[in-house]
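Proteins get letters first, then strands, A, B, ... in listed order; numbering begins at 1 in each.
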Protein chains: 2
Amino acid sequence: MRLSHQEPPANLAQRLADSGLRNTPQREVVYNALLVRRDHPTADEVYTRVRPEMPTISLATVYNCLETLVQCDLVRQVNFERGPSRYCANLLPHAHFHDEKTGATYDIPLPPEVLAHVRSVLPAGYEAKTVEITFHGQAPIA
Amino acid sequence: MRLSHQEPPANLAQRLADSGLRNTPQREVVYNALLVRRDHPTADEVYTRVRPEMPTISLATVYNCLETLVQCDLVRQVNFERGPSRYCANLLPHAHFHDEKTGATYDIPLPPEVLAHVRSVLPAGYEAKTVEITFHGQAPIA
DNA sequence: TCAGCGAATAAGAATCATTCCAATCAGCAA
DNA sequence: TTGCTGATTGGAATGATTCTTATTCGCTGA
Ligand SMILES: [Mn+2]
Ligand SMILES: [Mn+2]
Ligand SMILES: [Zn+2]
Ligand SMILES: [Zn+2]
C-alpha cells in the first residue's frame, strides 16, 4: 500500500498503550479498514468491509472500536448531516466536501493560514479546540 | 420584540406562496418559535415551546413544518454532532460555536472575505453551494 | 355559498442508528 | 492454574425521525 497522504505514522498499538487500552485484533482490523479505503464509511460499512477478514466480529464491537479510535485521536468522527456518523482516518487538517448528487465525501487540505483566518472571526473569550468546515455541492465529474 | 439581527424581513406567507405552499397556523407558530428564541432548538424543543399556544399540534407536524421552512430557505437545519437536528432562523452568513461544557450553540457572524478565503481552498472543479463552519470549545462565561 | 380536491395535519406504527446490558472471553499476573 | 480486568458478543432497549393512514383544512370553480 502506498500512502498518498503524508501523515505522521500513527501507530495503533502505541496510541492504545498511551491511553492505557489494550490492542486487539478487532481494533486493528477496524482501524485498517479506515486506512485502506478513505471514503468516510459508516459504522455499518466498516462492519461489512471487515467481516470477510473477521467473520465473527459484531457490529457492537465495530462501534466500540470506532469510539476507541476516536478517543485515541486516530480517527475523526464526521457528522455534517442527519444520518449515520462517518469515520475518517486522515489526521491532517482538512475540510470535507460533500457531493450532494453522489453522497460521496472528499477531503480538502486546509492550509494553516486559512484555518487561522477562520479562527480570527471568534470574538474575545471564545476558546475553540477544533474547527470543522464542510462544503456542500458538486464535485468534479472525474 | 427588538430584532438584534439585521436581516431581510423574510415574510413567511410570501416565501410559502413563492414555493407554491400554503400558509397554516402551524407553520406560523413553528416559525415564530424559532424567531423569538434563537438558541437552535431541536424539533422536540420546538414542540414543547409551541404547545402552550397550540395544544393540539402534533410532533409530526412540527417535523413537517420545520422541513418546509428549511425548504423555503427560511431556516437552516444544523447538524454538527450525533443527536437530534437543531434549527436556526438566522439567515445571515454565520458559523456556529458549540460549547462542549454547556451544549449551547452560538452564532458567529462570518465576514464575506473570510468566507471567500475558505472557498479558495477548493481545487478546480469543486462547486460549493454552501459552506458550514462549526467551532467546538468553550464559550465565554458571561 | 357550496362542493370537490389536493394539501396539510394528527396519531400512532415503523424504521434506523446507536447504545445498553448481561454473559462470555482473553491476556496477563499472582 | 486461577483470578482479574478489560474487551467482545448477541440481543434488547432507546431515541430521533420517518412513514402510513385517516381526517381535516383551505382554496377554487360552479
Ligand atoms: Mn447530502
Ligand atoms: Mn458537544
Ligand atoms: Zn476526512
Ligand atoms: Zn445559527
Side-chain angles (χ1 to χ4, degrees), chain A residues 12-13 15-33 40-51 53-72 74-88 103 105, chain B residues 12-33 40-51 53-72 74-87 103 105:
Chain A
L12 172 60
R15 289 293 189 93
L16 288 170
D18 291 351
S19 301
L21 300 168
R22 296 177 183 168
N23 194 2
T24 68
Q26 288 86 349
R27 284 167 179 176
E28 283 189 354
V29 85
V30 165
Y31 184 47
N32 211 253
H40 308 84
T42 64
D44 205 70
E45 286 165 347
V46 170
Y47 180 50
T48 300
R49 293 176 192 186
V50 132
R51 249 137 68 88
E53 185 173 348
M54 184 181 281
T56 59
I57 197 173
S58 72
L59 178 57
T61 296
V62 170
Y63 273 102
N64 290 337
C65 291
L66 289 171
E67 188 188 341
T68 298
L69 294 169
V70 169
Q71 235 91 75
C72 293
L74 285 170
V75 166
R76 267 174 68 179
Q77 182 171 6
V78 179
N79 287 291
F80 47 73
E81 58 179 358
R82 272 256 91 227
S85 289
R86 299 184 163 275
Y87 296 88
C88 172
T105 299
Chain B
L12 173 59
Q14 190 55 60
R15 288 295 189 92
L16 288 170
D18 291 351
S19 300
L21 300 167
R22 296 177 183 168
N23 194 2
T24 68
Q26 287 86 349
R27 284 167 179 175
E28 282 189 355
V29 85
V30 165
Y31 183 48
N32 211 252
H40 307 86
T42 64
D44 205 68
E45 286 165 347
V46 171
Y47 180 50
T48 299
R49 294 177 191 185
V50 133
R51 248 135 71 88
E53 184 173 348
M54 184 180 282
T56 58
I57 197 172
S58 72
L59 178 57
T61 296
V62 171
Y63 272 102
N64 289 337
C65 292
L66 289 170
E67 187 188 341
T68 298
L69 294 170
V70 169
Q71 235 89 77
C72 294
L74 285 171
V75 167
R76 267 172 69 177
Q77 182 172 8
V78 179
N79 287 290
F80 47 72
E81 58 178 359
R82 272 256 92 226
S85 289
R86 300 184 164 275
Y87 296 87
T105 299

When rounded to whole Å, the CD1 to P distance for the pair B:Ile57 and C:dA11 reads 11 Å
Sidechain-backbone polar pair: A:Arg49 side chain, A:Ala33 backbone, donor-acceptor under 3.5 Å: no
Quick one: list whatever passes salt bridge (Lys or Arg N to Asp or Glu O under 4.0 Å) with B:Arg76, sequence neighbours left out. none
Compile the donor-acceptor pairs under 3.5 Å between side chains in residues 53-62 of chain A and protein atoms, sequence neighbours left out, one pair per line.
from    : atom 1 : to      : atom 2 : distance (Å)
A:Ser58 : OG     : A:Thr61 : N      : 3.1
A:Ser58 : OG     : A:Thr61 : OG1    : 2.9

Strictly under 4.0 angstrom, non-hydrogen atoms only: write out the protein contact profile of nucleotides 15-27 of chain D, one letter per nucleotide from the 5' end, B, S or -. -SSBB-----BB-
Each nucleotide N or O in nucleotides 12-14 of chain D that has a protein N or O under 3.5 Å away: list the pair and distance.
none

Partners passing side chain to side chain contact (heavy atoms under 4.5 Å, CB included) against A:Asn64 (at least two apart in sequence or in another chain): none
Atom-pair distance (CG on A:Leu21; P on C:dG27), nearest Å: 16 Å
Which residues satisfy the side chain to side chain donor-acceptor pair (under 3.5 Å) test with A:Arg22, sequence neighbours excluded? none
Set of residues satisfying side chain to side chain contact (heavy atoms under 4.5 Å, CB included) with respect to B:Gln71, sequence neighbours excluded: B:Glu67
Between P of C:dT18 and OH of A:Tyr47, the distance in whole Å: 14 Å
To the nearest Å, give me how far apart CD (A:Gln71) and P (D:dA7) are. 11 Å
Within the structure, does a side-chain N or O atom of A:Gln26 lie under 4.0 Å from either OP1 or OP2 of C:dA26? no
Below 4.0 Å: OP1/OP2 of C:dA10 and any side-chain N or O of B:Thr61: yes
How many Å lie between CG on A:Asn64 and C1' on C:dA23, as a whole number? 15 Å
How close or far is atom C1' of D:dT9 from atom CZ of A:Arg27, stated in whole angstroms? 14 Å
Could you work out, with side chain to side chain donor-acceptor pair (under 3.5 Å) as the rule, every residue matching B:Asn23, not counting sequence neighbours? B:Glu28
Could you check A:Leu69 against A:Tyr87 for side chain to side chain contact (heavy atoms under 4.5 Å, CB included), going step by step and ending with a plain yes or no? CA-CA 10 Å; A:Leu69 294 169; A:Tyr87 296 88; over 6 Å; no
Who passes ring-ring contact (aromatic ring centres under 6.0 Å, His included) against A:Tyr63, sequence neighbours left out? none
Using a cut-off of 4.0 Å on non-hydrogen atoms, how would the nucleic acid contact of B:Thr68 be classed: base, sugar-phosphate, or nothing? nothing
